[in-house]
Amino acid sequence: MSQSSSAKANDHSGRPLGFIAAHRPNADASALPPDLESGLDANPETFEDYGIYQGCAAYENGHREHENGEGGEGFAGPEAEALPEGRFLDRERSWLAFNERVLELAEDPATPLLERANFLAIFASNLDEFFMVRVAGLKRRIATGVATRSASGLQPREVLELIWTRSRELMARHAACYQQEVASELAERDIHLIRWPELTEKEQGRLFTLFRQQIFPVLTPLAVDPAHPFPYISGLSLNLAVVVRNPVSGHDHFARVKVPPLLSRFLEVSPQRYVPLEDVIAAHLEELFPGMEVLAHHMFRVTRNEDLEVEEDDAENLLQALEKELMRRRFGPPVRLEVEETIDPYVLDLLVRELKISDAEVYPLPGPLDLTALFDIGSLDRPELKYPKFVAGTHRDLAEVESASAPDIFAALRERDVLLHHPYDSFSTSVQAFLEQAAADPDVLAIKQTLYRTSGDSPIVDALIDAAESGKQVLVLVEIKARFDEQANIKWARKLEEAGCHVVYGLVGLKTHCKLSLVVRQEGETLRRYSHVGTGNYHPKTARLYEDFGLLTADPQVGADLSDLFNRLSGYSRRETYRRLLVAPKSLRDGLISRIGKEVAHHRAGRPAYIRIKVNSMVDEAVIDALYQASRAGVPVDVWVRGICALRPGVVGLSENIRVRSVLGRFLEHSRVFAFGNGGEPEVWLGSADMMHRNLDRRIETLVRVTDPGHRASLSRLMQVGVSDHTASWHLGPDGNWTRHATDADGQPLRNVQEMLIDARRRRRGSATP
């Protein structure tokens with residue numbers, strides 16, 4: 001869908017004209033206040049003038065707190081009748097549509113050139129994981145006979161065939177974007193991604209020396225004949241299928257040469273001139289097969305099932321069981337074979353037969369294969385071809401608290417809660433500094449922490465080790481089953497244990513996905529608890545690329561909730577209700593559905609009612625059905641989703657009051673926020689949970705209720721901006737197709753919410769540049 005650069009904004013995607021009035025009382029649907037440009041710090045009076053600030057907590061007089069379990073009414077009446085079949089979109093098709101949106105950013109000439117290369121690499125990496133996990137899992141369920149019809153109504157085989165067809169189309173588009181657009185435009189900017197025949201004689205000579213000295217020693221050609229069985233082909237490895245002839249016997253033979261994964265994929269042969277490593281190997285195959293005649297060579301790449309299955313109930317030691325499963329992962333069955341489109345039919349038939357793969361799983365493509373290597377090109381030091389540099393600053397509520405050295409975060413939190421918005425607010429001077437200060441503070445008695453993913457040189461882990469070595473009680477929940485980070489997390493778990501930390505791996509059968517920190521500090525005669533609840537991982541590197549929220553607070557209720565939850569995770573507590581938390585798998589889904597039901601009751605009573613949700617994925621049928629019921633009752637619903645969405649918006653009689661938007665850009669939208677009008681006393685939650693079965697049923701997830709009126713107002717404003725028709729985004733239609741809206745009816749660019757927030761932070765620091 002190459003219309004990405006020319007898509008025009010439309011009039012609310014065919015929504016009833018009354019929707020805007022119902023959604024934003026007294027609002028002028030054709031205008032948005034200029035102060036939206038200033039991000040979360042916009043003037044409340046401006047929003048009031050435009051009629052879209054109503055319902056924000058700072059605007060309302062008074063506030064009434066609700067118990068977490070209250071509500072649930074609102075679904076009685078005619079809207080509660082049975083919902084129609086076919087109301088759910090297929091989640092696999094929706095995921096492929098998400099990756100298509102990534103591809104559209106790579107295809108868009110308005111995207112900076114090296115960022116287009118990055119988006120091509122992201123698309124390829126995303127698709128690799130999709131095949132390794134989703135496609136592999138679907139094939140496994142079909143083979144074992146446990147696959148059932150999906151919620152969308154498709155049979156498992158139909159889903160698989162849909163995936164094969166759609167992924168083939170997208171991979172062809174992906175290759176064409178690289179070949180016909182990005183590579184040629186890079187050449188125009190003096191970055192040349194060339195093939196072996198395009199090298200000069202001098203460059204080829206230089207590479208021959210490099211081959212003999214650094215590449216040849218690590219290559220291992222593997223023959224295939226009666227004495228040499230077909231070799232194991234590791235997942236995602238790049239390989240040369242080589243056909244050689246014995247000049248004495250006249251017989252042809254097949255061999256495989258693996259491209260070494262630890263060497264640079266693109267070799268810089270001259271300044272800004274790069275050639276693929278496999279081209280260099282292919283040009284010197286005679287060195288690997290002396291005395292043989294090299295007839296042909298073809299590149300191929302295999303994707304395998306790399307999901308993990310650990311029977312925790314039977315595992316005496318989860319750490320050891322997972323390590324064994326990681327070894328087994330390497331030998332998962334193939335689920336995709338990528339080959340160069342010029343491959344010899346004989347060689348292709350041999351690969352298909354030996355790998356036991358079907359013709360439908362073969363993807364012929366123009367070379368080079370495996371464009372995840374474009375991450376290396378995207379990292380080149382050419383700032384004029386990238387997004388303008390942005391360096392996050394310290395959150396102003398933390399920067400205002402001065403001490404002899406660094407800001408005293410504990411003192412700041414005794415004054416007020418701090419709502420962080422990464423990457424616009426620095427992670428290192430907020431969350432990381434919070435834990436480092438706790439580790440160094442002699443008055444801190446204990447630190448409790450969850451770790452789902454973190455960086456290889458994690459300052460978070462270092463701070464926890466420092467705390468344990470100084471005698472503090474340190475409890476760390478390490479989720480060693482975090483997909484594709486298992487090996488790293490095992491390493492850190494052992495390092496933490498060796499330092500004296502109490503390391504636990506959560507509850508049997510549940511992943512610990514919540515993002516929590518708890519610090520217990522002695523202050524005079526009392527103990528005070530300081531807490532952090534976030535939507536993203538404790539990962540300093542991804543915190544510069546992922547959009548996430550975090551709440552730092554000294555609120556006693558949050559501290560008590562986190563104490564209770566950590567006791568549940570490390571011991572045998574069976575607590576299921578909390579003061580300011582909703583916790584999966586027990587109370588989170590029911591708590592959200594209860595609040596959706598209350599919005600229906602408020603709407604029927606004539607009180608302000610709305611539902612705004614921001615998540616990565618919207619799949620859970622129970623939550624979606626509750627939103628359908630709310631829409632039928634007339635409650636306006638906005639869903640801001642990055643990836644998968646099984647909800648079908650804009651269906652007459654079902655979801656005409658629901659609209660779904662998706663924002664993709666330089667930062668990965670990762671936060672989860674849930675906002676409810678609540679009769680004029682808005683209720684806002686943030687946390688770690690997506691609306692998926694795995695999050696709500698098979699993970700420990702948390703949402704925290706945001707109580708500060710200013711924070712609720714800020715979050716409500718952001719949610720309104722994100723789903724506005726004046727913001728650049730993709731709109732989901734009732735047929736499951738996404739349409740990009742990047743320009744208005746006059747062809748002018750729509751507002752970019754991420755750039756808006758960057759500009760707001762720069763203005764706050766009094767400079768137009770970082």
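Residue indices begin at 1 and follow the sequence shown. All heavy atoms count here, side chains included; hydrogens, waters and symmetry mates do not.
- Summarising the geometry of Leu120 relative to His174, their closest heavy-atom pair is O-NE2, 2.9 Å, with the distance given to 0.1 Å.
- With hydrogens and angles ignored, the 3.5 Å screen pairs no side-chain donor or acceptor of Asn537 with any backbone N or O of His539.
- A salt bridge is defined here as a Lys NZ or Arg NE, NH1 or NH2 lying under 4.0 Å from an Asp or Glu carboxylate O, and Arg173 with Glu107 meets this definition.
- By the 4.0 Å N-to-carboxylate-O rule, Asp108 lies close enough to Arg740 to be salt-bridged with it.
- Between the CG atom of Leu83 and the OH atom of Tyr628 there is a distance of 8.5 Å, given to the nearest 0.5 Å.
- Classification of Asp555 and Arg416 as a salt-bridged pair fails, no side-chain N sitting under 4.0 Å from a carboxylate O.
- With Arg607 contributing its side chain and Gly679 its backbone, the two residues share no donor-acceptor pair below 3.5 Å.
- Listed here is the closest heavy atom pair of Lys598 and Asn678: NZ-OD1, 4.4 Å.
- Ionic pairing of Arg761 and Asp425 is present here: one or more N-O contacts between side-chain nitrogen and carboxylate oxygen are shorter than 4.0 angstrom.
- With hydrogens and angles disregarded, a donor-acceptor distance shorter than 3.5 Å links the side chain of Lys386 to the backbone of Gly378.
- Using a 4.5 Å heavy-atom threshold, the side chains of Met692 and Ser617 count as touching.
- Contact of the Phe130 side chain with the Trp95 side chain is registered, since non-hydrogen atoms from C-beta on lie closer than 4.5 Å.
- The pair Glu129-Arg134 does not count as a salt bridge, with every side-chain nitrogen at least 4.0 angstrom from each carboxylate oxygen.
- The one candidate from Leu686, Val583, Leu592 that meets the side-chain contact (heavy atoms from CB on, under 4.5 Å) condition with Leu703 is Leu592.
- In terms of heavy atoms, Ser94 sits closest to Cys645 at OG-N, 2.8 Å.
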>> Does Ile611 form a side-chain contact (heavy atoms from CB on, under 4.5 Å) with Ile596? I'd like the steps, not just the answer.
In response: CA-CA 7 Å; Ile611 300 164; Ile596 293 169; 3.7 Å; yes
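- Judged by distance alone, the side chain of His513 and the main-chain N or O of Ala689 form no donor-acceptor pair under 3.5 Å.
- A donor-acceptor contact shorter than 3.5 Å links the side chain of Asn657 to the backbone of Ser631.
- Note that the CG atom of Leu114 and the CZ atom of Phe119 stand 12.0 Å from one another [nearest 0.5 Å].
- The backbone N or O of Thr743 sits nowhere less than 3.5 Å from a side-chain atom of Gln748 that would complete a donor-acceptor pair.
- For the atom pair Asn99 CG and Ser125 OG, the distance stands at 9.0 Å (nearest 0.5 Å).
- Residues Arg612 and Ser716 bring no donor and acceptor atom of their side chains to less than 3.5 Å of each other.
- Under 4.0 Å is where a charged nitrogen must lie from a carboxylate oxygen, and between Asp561 and Arg580 no such pair does.
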>> Show, in sequence, the C-alpha distance, side-chain angles and deciding distance for Ser655 and Arg648, and conclude whether the side-chain hydrogen bond (donor to acceptor under 3.5 Å, both in side chains) test is met.
In response: CA-CA 7 Å; Ser655 57; Arg648 194 186 293 272; over 6 Å; no
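- At least one side-chain heavy atom of Leu732 sits under 4.5 Å from a side-chain heavy atom of Leu89.
- Taking the side chain as every heavy atom from C-beta outward, Arg659 and Asp725 approach each other to under 4.5 Å.
- Remark: the backbone N or O of Ser531 is not paired with any side-chain donor or acceptor of Ser517 at under 3.5 angstrom.
- Of all heavy-atom pairs between Val637 and Ala630, the closest is CG2-CB, 4.5 Å.
- There is no side-chain donor-acceptor pair under 3.5 Å between Asp690 and Asn695.
- Separation of atoms CD (Glu621) and CE (Met691) is listed at 12.5 Å; rounding is to 0.5 Å.
- The side-chain contact (heavy atoms from CB on, under 4.5 Å) test applied to Glu755 returns Arg666, Asn752, Ile758, not counting sequence neighbours.
- Minimum interatomic distance between Ala584 and Leu588 (heavy atoms only, all atoms of both residues): N-CB, 3.7 Å.
- For the salt bridge (Lys or Arg N to Asp or Glu O under 4.0 Å) test with Glu547, the passing option among Arg642, Lys614, Arg672 is Lys614; the others fail.
- Scanning for side-chain contact (heavy atoms from CB on, under 4.5 Å) contacts around Asp590 gives an empty result, with sequence neighbours left out.
- Between the side chains of Arg661 and His731, at least one donor-acceptor pair of N or O atoms lies under 3.5 Å.
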> So Lys511 and Arg698, side-chain contact (heavy atoms from CB on, under 4.5 Å) or not? Walk me through it.
Replying inline: CA-CA 7 Å; Lys511 281 188 179 181; Arg698 302 191 299 276; over 6 Å; no
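- Asp744 contributes a side-chain N or O that, together with a main-chain N or O of Asp746, makes up a donor-acceptor pair within less than 3.5 Å.
- Contact check for Thr702 versus Ser688: side-chain heavy atoms found under the 4.5 Å cut-off.
- In this structure, Arg101 and Ser662 have side chains that are in contact, with non-hydrogen atoms separated by less than 4.5 Å.
- Two rings, from His532 and Tyr538, have their centers less than 6.0 Å apart.
- The 12-atom threshold is not exceeded at OH of Tyr546, counting heavy atoms of other residues, nucleotides or ligands nearer than 6.0 Å.
- A donor atom on one side chain and an acceptor atom on the other are not found under 3.5 Å apart for Glu669 and Trp640.
- Within the 4.5 Å cutoff, the side chain of Val673 has no heavy atoms near those of the Trp685 side chain.
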>> Using the rule given for side-chain contact (heavy atoms from CB on, under 4.5 Å), can you reason through Leu647 versus Ile658, listing the C-alpha separation, both sets of side-chain angles and the distance that settles it, and then say yes or no?
In response: CA-CA 9 Å; Leu647 185 153; Ile658 302 177; 3.7 Å; yes
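- Residues satisfying the side-chain contact (heavy atoms from CB on, under 4.5 Å) test with Thr429, not counting sequence neighbours, are Thr394, Ser426.
- In the model, Asp548 has no side-chain atom that pairs as donor or acceptor with a side-chain atom of Ser671 under 3.5 Å.
- What you find for Leu654 and Arg87 is that their closest heavy atoms are CD2-CB, 3.9 Å.
- Atom CG of Leu398 sits about 7.0 Å away from atom CG of Leu413, to the nearest 0.5 Å.
- Ring geometry, Tyr424 versus Phe390: the interplanar angle falls from 30° to 60°, so the pair is classed tilted.
- Contact check for Phe549 versus Leu420: no side-chain heavy atoms found under the 4.5 Å cut-off.
- Using cut-offs of 30° and 60° for the angle between ring planes, the His422 and Phe427 rings count as perpendicular.
- Between the OG1 atom of Thr542 and the CG atom of Leu668 there is a distance of 9.5 Å, given to the nearest 0.5 Å.
- Remark: side-chain polar atoms of Glu599 are paired, donor with acceptor, to backbone N or O of Gly677 under 3.5 angstrom.
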>> Working note: Thr727 + Leu750, criterion side-chain contact (heavy atoms from CB on, under 4.5 Å); need CA distance, chi angles, decisive distance, verdict.
In response: CA-CA 5 Å; Thr727 296; Leu750 294 173; over 6 Å; no
> Where do Glu100 and Arg166 land on the salt bridge (Lys or Arg N to Asp or Glu O under 4.0 Å) test, with the steps shown first?
Replying inline: CA-CA 10 Å; Glu100 181 179 24; Arg166 192 74 185 103; 3.1 Å; yes
